[in-house]
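Remarks on the structure that follows.
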Amino acid sequence: MQENTLIDVRNVKKIYRVGTVGIQALRGADLQIASGDICSVIGRSGSGKSTLLNVLAGLEKVTSGEIVISGKHLERMTQAELIVFRQLHIGFIFQSFNLMPYYTALENVALPLSFRGVPQIARLRQAKRMLELVGLETHMKHKPGELSGGQQQRVGIARALVTNPQIVFADEPTGNLDSNTSDEVMRVIIDILREQKKTLVMVTHDSHIASFGDKVIHLLDGRITDVALNEPAPKELTTQNEPNVRETEVNLDA
Amino acid sequence: MRISDILSTAFLNLWRRKMRAFLTVLGMVIGVASIVVMVSLGIGIRQATVESFAGTGSLTTIRVSSWSYVSSGNGGGSSRQKELNKKAISEFKRISGVEAVMPLVETYGMIKSGNYATDASILGVTKEQAEQFGITLSQGTMPGSGGSTTYEIALGAWTLQNFYDPDTYRQAIDKNGNPKVTTDSRMQLTFDYRNIYRQALIAMDNDDSGEEQTPLGSFYKLRVTGIMDQDNNDFSYYCIMDATQLEKLAKANKDFTNFESGSYNTVLVKVSNIEDVKPVKTAITEMGYGTYSLQDAVEMAEESTKNVQYLLGAIGGVALLVAAIGIMNTMMMSIFERTKEIGIIKVLGCRMDNIAGLFLAESAYIGFFGGALGLGLSFGISVLLNQLLASSGLRSIIPAYLAFGAVGFSIIVALAAGMYPAIRAMKLSPLAAIRNE
């Protein structure tokens, strides 16, 4: 285990009961993610990657095993404690953006701050700064319906980052975007997170999108089959070329 | 979340579904209005009852009698007597809250005027007592001590109308309906009924029992100084004389009046405020005397109107209950519609209690607006009812406590109705945010 391990997943199993049958979504996953890691989790549909993200973000309980994030055992927390934990440590980027349609871009970004009890003036100021960071300073008063998919996701990114979280979870962040916009959005995410030295765990089924991460975690049938370290891809190569992948055996715990 | 953010967010959530919010509020308006109007009618009935008692006398006067009833606890009881004398009166005066004490020096006599006569209950009062106990005249002045042979008297409100011929029992009223005896007529007072009824005199003459007969009582000349106020229910029936004068006469006619000086059957105690009635009454009862005040009657009447009030309240309550169910239904629908939204704010870190708070605040808004508008409607209905029911004596009264209570109560009802939906919202899974429809 590394010195600066932020997320430590130990033998996590997740079984869904469907009628009398138990479906094993995770069959004993072990994983360490260091602070500042930009990780992609890739796997086919049904590989358990979404389940992994859900249990990491505390949206679901594990059936067995341990999840330790910055020293806190998520599996021992109640739902109320998990919400407070998310409020303080975690940002979340959704596939379908999940912006509140009746709020402007600015209000959407400010929303998580209101849950923390930040006064309106302060939270709108911070939200404005975040929107400038994702390049949407011209669209602050627009409602989600008046924004393109790429713009909406950038609002989503700003919203995930506005609380200055340690970790950002992204669930297929480009799943609803076309490929050009996808790359653009991915670059926004990666650039900001790298600059702010935040940790990203992103789930995707798209190997191209996964290649944006420094670390690519492969999931198959509820088990982590491979963790590959990725050389930071030169920006001009990212769109067409295969990313430069170097296979390693680091962090593949027995 | 800040309270202000919860309140503004909840208001916005309601505002986004105006029509539904309006209909739910309307249900609450009708519920609140029905309960307020019903209760206001109940209060009107109670008020009318109290007023009808207040009209029969002073609510701050306690009537103390030497006789009291002692319950033995098994449904039976016995009466006992304790002498009401000057000492007792000075004790009453010392009880805090007592403003004045007046022994009822009361005798029965007959007033004769020409061929006519009438019975009279005569009360002896001092000028000071008359003032304290609100003994008022409709005309003339209070009787004073008079001359050496004439006595001054204020006649009861109906005394002049009551004169009749003791032989024929014909009333002394002329064909225009006016009494033949007037305040200017010469009048005499006697305490011996044999002076009036000739038959009784004849019977006495024929009495051959051999017992020595009491000599006939004397006549006293009267001068009428005034007539009692007929609206003064406590005293209008009495004729009034100066207390010292009356006592003198009563003592002189002991054989007919059974007068015992220094001891009274009844003493009136006047207290400063209605609130003093109860403690003073208790204190006097504990001294061993019987007490009665109009308060007792009022309390009994209030007790009996209470049931009517409860019934009216319950009828109104049904509409409020239906409205509360409406709120619950609205909130449940709203939560099912917003399952995803609730999931999203949970993922984004909105605390469970804040989520419950958001939905409870929505319910409270419905309760508040329903209550406030319902109250407005109630005032309208109340005014209308008071015009329509003016002749029937029924009244609708909305006191301040009912008005504020109604709004408060409707908020509480709305909160109670919103409790279950709020808990449901709180428990919704954050996973709803992840699912893609």
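Throughout, a chain's letter reflects where its sequence line sits, starting with A, and its residues are numbered from 1. Keep in mind that the numbers below use all heavy atoms, side chains included, and drop hydrogens, waters and symmetry copies.
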Practice task
Would you sort out whether A/E184 and A/R154 count as a salt bridge (Lys or Arg N to Asp or Glu O under 4.0 Å), showing the intermediate values?
Solution key: CA-CA 10 Å; A/E184 198 184 302; A/R154 281 197 268 170; 3.5 Å; yes
Practice task
Could you tell me which of A/G91, A/P119, A/A80, A/S50 has the largest number of non-hydrogen atom pairs under 4.5 Å with chain B?
Solution key: A/P119
Problem - Which atoms of B/L12 approach chain A - backbone, side chain, both or neither, heavy atom under 4.5 Å - result: side chain
Practice task
Give me the one residue out of A/K198, A/Q126, A/H89 that meets side chain to side chain donor-acceptor pair (under 3.5 Å) with A/N164.
Solution key: A/K198
Exercise for the section: Describe, in one word, how the ring planes of A/H208 and A/F212 are oriented to each other, choosing from parallel (under 30°), tilted (30 to 60°) and perpendicular (over 60°). Expected result: perpendicular
Completion exercise
Residue from A/E172, A/E60, A/R86, A/R116 scoring the most non-hydrogen pairs under 4.5 Å with chain B is A/R86
Practice task
Taking only Lys NZ, Arg NE, NH1 and NH2, and the carboxylate oxygens of Asp or Glu, determine whether B/R16 and B/E337 approach each other closer than 4.0 Å.
Solution key: no
Handout entry: Atom CZ of A/R44: over 12 foreign heavy atoms under 6.0 Å
Key = no
Handout entry: Top contributor to chain B contacts, counting heavy-atom pairs under 4.5 Å, from A/S114, A/P112, A/A160
Key = A/S114
Practice task
Quick one: which of A/F94, A/F169, A/Y102, A/F92 has the most heavy-atom pairs under 4.5 Å with chain B, could you say?
Solution key: A/Y102
Problem - Region of A/L53 that comes under 4.5 Å of a non-hydrogen atom in chain B - result: neither
